[in-house]
Amino acid sequence: SGEYRAIFVYACNLTWHRSTVAHVRALRNTFRKTPIVVFEHTQAVTAYQLESVKEEFFAAGASHLITGEPEDRATWLLKT
């Protein structure tokens, strides 16, 4: 498998949390060196705070979490 600069995973809502964690785990198993970034959508009515579940994402293989508005933070992260 080819490596990418980063893989971004959208943490949609609590209903899909287990599935999202499983996706992060599967991505980590395939892309061992690629940063995996999980981000939230604070404006969605169905959103949930990543801060409260961050350890689950890190244990699954996420390297970064973006809380709050992701646009500028994701751009900054890709530039570093």
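Model, not experiment: these values are computed from the prediction.
- When hydrophobic clusters are built by joining Ile, Leu, Val, Met, Phe, Trp and Tyr residues whose side-chain heavy atoms come closer than 4.5 Å, directly or via intermediates, V9 is grouped together with V21.
- Judged by distance alone, with hydrogens and angles left aside, the side-chain atoms of S52 form a donor-acceptor pair with the main-chain N or O of Q49 at under 3.5 Å.
- For H17 and F57, the distance between ring centers is under 6.0 angstrom.
- Note that the CG atom of N29 and the CZ atom of R25 stand 8.5 Å from one another [nearest 0.5 Å].
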**Study point:** F8 vs L78, side-chain contact (heavy atoms from CB on, under 4.5 Å): CA-CA, chis, key distance, verdict
**Key:** CA-CA 11 Å; F8 288 82; L78 285 174; 4.0 Å; yes

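- Residue pairs meeting the salt bridge (Lys or Arg N to Asp or Glu O under 4.0 Å) criterion with at least one partner in residues 50-66, sequence neighbours excluded, are E51-K54.
- In the hydrophobic clustering of ILVMFWY residues, with side-chain heavy atoms under 4.5 Å counting as a link, I66 and W16 come out apart.
- For the atom pair CG (L50) and CZ (F39), the distance works out to 10.0 Å, reported to the nearest 0.5 Å.
- Taking a 6.0 Å sphere around CG of D72, one finds it holds 12 or fewer heavy atoms contributed by other residues, nucleotides or ligands.
- Of all heavy-atom pairs between P35 and S63, the closest is CA-OG, 3.3 Å.
- The minimum heavy-atom distance between V38 and A11, with the atom names listed, is CG1-CB, 3.9 Å.
- Nearest heavy atom pair, residue T20 against residue Y10, reads CG2-O, 4.1 Å.
- Closest approach of R28 to K33, counting heavy atoms only: NH1-N, 4.1 Å.
- Not counting sequence neighbours, E71 has no partner by the side-chain hydrogen bond (donor to acceptor under 3.5 Å, both in side chains) test.
- A donor-acceptor contact shorter than 3.5 Å links the side chain of R73 to the backbone of T67.
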